[in-house]
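Following: one structure in structure tokens, then a few remarks.
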Amino acid sequence: MDDNRPVGIFDSGVGGLTIFSEITKLSPRESIIYFADQNNIPYSGKSERDLEKITSNIVRFLIKNKIKLIVIACNTATVYTIDYLRSKFKVPIIGVVPVVKTAARFTKSGRIGILSTAATSKSKYQKDLIKKFANGLIVNNIGTDELVSFIETGDLKSAVLNKKLRNILKEFQGIDVLALGCSHYPFLRDEIQKILGLEVLILDSGPAVARQVKRVLESNKMLSNKKSKTRFFTTGNPADFKRIVEKLINAKLDPVRYEFI
Ligand code: DGL
């Protein structure tokens, strides 16, 4: 049976587009509703209770728009709210977390890095992931909230950003694998690679999430056979969003402003 309803993807901003791109690459026939909650960015620093309220509102909005599956394209929202959202809503929900298991598989030096938001790095969820999949390894679990605002304004390589990055990446001396634990960070992959050097393998979670989306759609017999228009919503400024997204992923779009009342 075909199911042509869209997949709903959300993030606090443009970071989830790194996941969006992987999903559209692997499942080009799926229609998508992308929701950027830019009025509430950053999610890192918000209380668990606030994040539960915020993400519940988004899930309700997506359900009203008849999505068949939801992707939380934000590590911070996933580690703090996915269990809550799954207990509250019946729709299938897929989250994104750093690929600690893969990083542990690839390391030869026995030292890996994870670069997340501050909230994700100190979450119990992330600590449990490390215990479970990187036991016996040295893990530099570093959180920062200094990078997201650059990406939100489309700045992927200014001198100011480069200086910040160099400072943050000092924490990763000796690693040979780095897992990007924030969906915004793959936009900085080239800059990070230049600073860390080619001998460090940089992994993000996008491809794994896209494979999981496809698996879940397949096993629930929810694959689409016909793509309709992808729709973009932001709780922020749609003109700014349009400009930045078109720069970041080279797409043409017509975002709609959505306000929670
Ligand atoms: N994109 C979000 C993540 O993956 C972080 C941005 C924020 O703090 O809102 O964690």
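This structure is a prediction, so every number in the text was calculated from the model and none was measured. All ligand and atom numbering here is 1-based and tracks the order in the structure.
- When the side chain to side chain contact (heavy atoms under 4.5 Å, CB included) test is applied to Ile249, the partners found at least two apart in sequence or on another chain are Leu17, Phe20, Ser21, Phe187, Val245, Ala251.
- The closest side-chain donor-acceptor pair between Ser121 and Asn141, if any, does not fall under 3.5 angstrom.
- In this structure, the ring pair (Phe, Tyr, Trp, His ring centres under 6.0 Å) partners of Phe61, at least two apart in sequence or on a different chain, are Phe35, Phe233, Tyr258.
- Comment: Glu191 does not engage Arg189 in a salt bridge, judged by the lack of any side-chain N to carboxylate O separation of less than 4.0 angstrom.
- Listed by number with element, the atoms of ligand 1 under 4.0 Å from a non-hydrogen atom of Thr117 are 5 (C), 8 (O), 10 (O).
- Comparing heavy-atom distances from atom 3 (C) of ligand 1 across Asn75, Ile72, Asp11 singles out Asn75 as nearest.
- Looking only at heavy atoms of the protein, atom 2 (C) of ligand 1 is closest to Cys74 SG, 3.2 Å.
- Looking at atom 1 (N) of ligand 1, its nearest protein heavy atom turns out to be His184 ND1, 2.8 Å.
- For atom 8 (O) of ligand 1, the nearest non-hydrogen atom of the protein is Ser44 N, 3.0 Å.
- Shortest contact from atom 7 (C) of ligand 1 to any protein heavy atom: Tyr43 N, 3.3 Å.
- Thr120 and Thr76 form a side-chain donor-acceptor contact under 3.5 Å, judged by distance and modelled atom types alone.
- Salt bridge annotation for Glu30-Lys68: present, with a cationic side-chain nitrogen under 4.0 angstrom from a carboxylate oxygen.
- Between Lys124 and Asp128 a salt bridge is recorded (basic side-chain N to carboxylate O distance below 4.0 Å).
- When only non-hydrogen protein atoms are considered, atom 10 (O) of ligand 1 lies nearest to Thr76 OG1, 2.6 Å.
- Only the side chain of Ser12 comes within 4.0 Å of ligand 1, counting heavy atoms alone; its backbone N, CA, C and O stay farther away.
- By the 4.0 Å heavy-atom criterion, Pro42 is counted among the residues contacting ligand 1.
- Set against the non-hydrogen atoms of Ile41, the atoms of ligand 1 under 4.0 Å away are 9 (O).
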